[in-house]
Amino acid sequence: MERYIEIIRNAYEGYANYLWQEISFQYDYKPWWQNYFWALILISLLFLAWEWLRPWRKDQPKFRKDFWLDAFYMFFNFFLFSLILFNALSEVFVNAFNDFLGLFGLTNVVALEIGSWSILLQLFTLFIIRDFIQWWTHRLLHYSPRLWEYHKVHHSVEQMGFAAHLRYHWMETVVYRTIEYLPLAMIGFGIDDFFFVHMFTLAIGHWNHANIKVRLGPLKYVLNNPNMHMWHHAHDLPEDRKYGVNFGLTLSIWDYLFGTAYIPYSGKSIKLGFPGVKKFPKTFWQQITHGFRKRY
């Protein structure tokens, strides 16, 4: 037990130091531009400007409904949650899991070592496998009544904008990372250049939720996009699609392959949310504690 307490303490101290180094650029273990904190801000400002200059829904306010709530969610989910809870819990989980494997004489879960591959191939492999896992996890959030209660926070958005991307319940982070951990660990990912994959998927996530429209042509069958993702947030769906559609995070190809793609027409002005969204909690605290109490 003392070992795990020490792990928690070190995790808190380590992440607090990391966050301050990101904010102040006080690090020498990576290039100055590989900065998650300021990259998030820069990418968000670019999409904010894009929405203002070329809005898809021109009648939507520049600071749409719940914009500032979503802006806070960006920093909470991207940084503060890790500082408050997740980083320490994940360190305990990893060590406890390894200790459990040790009971059976297993000291290494790596089934495929890709460290000798080229960096580009490693990044591409990481991106494809991670996105595929996340697609199935996203479907699970819709199909499981318990997990859907947490996922409702993300679907409580009633006016779409880029910042809605990171409005989600903190339990989603726990679910995604728990499901991702073992398959990614078994492939031996320990890559330093994950920054590029993370920023690319972050930008696509912002784009999917942004009040913009871009014609992709045939690329729409590969990349998720605002028109497609709008239907994922639709309030009203056909009876045979009651668990949702368009589950892709970055790639749309999984939805086309598994028959969950659904774009009947332009989703520019469709109603967003879910049945009962008007009664759903509106404040940050009520939303992040939702799922443990009364259902809506």
Side-chain angles (χ1 to χ4, degrees), residues 14-15 17-54 70-83 86-87 90 114 117-135 137-138 154 160-168 170 172-173 176-177 180-181 184 187 189-212 214 216 219-220 222-226 228-229 248-254:
Y15 191 82
N17 290 333
Y18 157 78
L19 182 56
W20 173 245
Q21 290 171 356
E22 288 286 298
I23 295 172
S24 62
F25 285 96
Q26 294 181 11
Y27 49 80
D28 57 9
Y29 57 89
K30 62 181 180 179
W32 67 268
W33 45 266
Q34 286 191 12
N35 187 299
Y36 286 94
F37 183 85
W38 292 107
L40 170 64
I41 293 176
L42 177 61
I43 291 173
S44 299
L45 289 175
L46 289 174
F47 276 97
L48 179 63
W50 194 350
E51 287 185 336
W52 284 5
L53 293 173
R54 298 290 300 274
D70 292 344
F72 181 76
Y73 262 110
M74 286 201 303
F75 290 97
F76 176 79
N77 281 325
F78 211 75
F79 295 105
L80 293 181
F81 175 57
S82 292
L83 179 62
F86 182 71
N87 197 56
S90 61
I114 67 169
W117 298 5
S118 69
I119 293 296
L120 288 178
L121 185 56
Q122 288 185 60
L123 288 173
F124 180 74
T125 304
L126 168 61
F127 167 64
I128 295 296
I129 293 177
R130 186 168 178 259
D131 195 72
F132 184 63
I133 296 170
Q134 290 180 337
W135 185 84
T137 305
H138 192 186
H154 183 63
M160 192 68 80
F162 78 91
H165 172 209
L166 294 181
R167 183 203 294 194
Y168 55 82
W170 56 270
E172 287 198 30
T173 300
Y176 273 105
R177 298 300 173 262
E180 286 175 5
Y181 172 72
L184 293 181
I187 304 170
F189 281 117
I191 193 166
D192 294 330
D193 296 295
F194 179 69
F195 177 84
F196 298 105
V197 172
H198 198 92
M199 288 301 107
F200 175 70
T201 56
L202 174 73
I204 295 296
H206 273 25
W207 179 38
N208 293 337
H209 295 81
N211 183 20
I212 57 178
V214 177
L216 284 179
L219 275 177
K220 69 181 181 180
V222 178
L223 281 178
N224 204 351
N225 54 84
M228 185 175 193
H229 198 68
L249 276 73
T250 302
L251 299 177
S252 61
I253 191 171
W254 313 124

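For reference, positions follow the sequence shown, starting with 1. Every heavy atom of this structure was used, including side-chain atoms; hydrogens, water molecules and symmetry mates were not.
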Seminar exercise, completed: What one should report as the nearest heavy-atom pair of Trp254 and Ile128 is CZ2-O, 4.0 Å
For this session: Before giving the answer on side chain to side chain contact (heavy atoms under 4.5 Å, CB included), spell out for Lys220 and Ser252 the whole-Å C-alpha distance, their side-chain angles and the decisive distance to 0.1 Å.
Result: CA-CA 7 Å; Lys220 69 181 181 180; Ser252 61; 5.7 Å; no
For this session: Name all residues meeting the salt bridge (Lys or Arg N to Asp or Glu O under 4.0 Å) criterion together with Asp70; count only those two or more places apart in sequence or in a different chain, and write none if there are none.
Result: Arg64, Arg167
Exercise. In Å and rounded to the nearest 0.5 Å, what is the CD1 to CZ distance from Ile119 to Phe196?
Worked result: 10.0 Å
Exercise. Going by the angle between their ring planes, with limits at 30° and 60°, are His209 and His154 parallel, tilted or perpendicular?
Worked result: perpendicular
Exercise. Partners of Trp32 by ring pair (Phe, Tyr, Trp, His ring centres under 6.0 Å), sequence neighbours excluded?
Worked result: none
Exercise. CG/Asn35 to CZ/Phe25 distance, rounded to the nearest 0.5 angstrom?
Worked result: 4.5 Å
Exercise. Between Phe195 and Lys30, is a side chain to side chain contact (heavy atoms under 4.5 Å, CB included) present by the stated rule, with each step listed?
Worked result: CA-CA 11 Å; Phe195 177 84; Lys30 62 181 180 179; 5.8 Å; no
For this session: State the CZ-OH distance between Arg130 and Tyr176, to the nearest 0.5 angstrom.
Result: 10.0 Å
For this session: Nearest 0.5 Å please: distance from the CG atom of Leu53 over to the CG atom of Leu48.
Result: 9.0 Å
Exercise. Step by step, would you call Gln34 with Tyr27 a side chain to side chain contact (heavy atoms under 4.5 Å, CB included)?
Worked result: CA-CA 10 Å; Gln34 286 191 12; Tyr27 49 80; 5.8 Å; no
For this session: For Leu223 and Asn225, work out which heavy atoms get closest and say how close.
Result: O-ND2, 3.2 Å
Exercise. Within the side chain of Asp131, is there an N or O that forms a donor-acceptor pair under 3.5 Å with the backbone of Thr250?
Worked result: yes
Exercise. Under the 3.5 angstrom rule, does the side chain of Glu51 hit a backbone N or O of Gly161 as a donor-acceptor pair?
Worked result: no
Problem set entry | CZ (Phe124) with more than 12 external heavy atoms under 6.0 Å | no
Problem set entry | Heavy-atom pair with the smallest gap, counting every atom of Pro226 and Ala210 | CB-O, 4.0 Å
For this session: Hey, could you give me the CZ/CZ distance between Phe75 and Phe72, rounded to the nearest 0.5 Å?
Result: 10.0 Å
Problem set entry | Polar side-chain atom of Asn77 near backbone of Tyr168 as donor-acceptor pair, under 3.5 Å | yes
For this session: State, with a plain yes or no, whether a side-chain heavy atom of Leu202 is found less than 4.5 Å away from one of Leu40.
Result: yes
For this session: Take His165 and His229 through the test side-chain hydrogen bond (donor to acceptor under 3.5 Å, both in side chains) and record every step on the way to the result.
Result: CA-CA 11 Å; His165 172 209; His229 198 68; over 6 Å; no
Seminar exercise, completed: One should read off an interatomic distance between Leu251 CG and Ile204 CD1, to the nearest 0.5 angstrom, of 8.5 Å
Exercise. Under 6.0 Å between the ring centres of His198 and Phe78?
Worked result: yes
For this session: Please state whether the rings of Phe47 and Trp50 are parallel, tilted or perpendicular, taking 30° and 60° as the class boundaries.
Result: parallel
For this session: Work out which heavy atom in Met74 is nearest to a heavy atom in Ala163; give both atom names and the distance.
Result: CG-O, 4.2 Å
For this session: Output yes when a side-chain donor or acceptor of Asn224 lies under 3.5 Å from a complementary backbone atom of Gly248, and no otherwise.
Result: yes
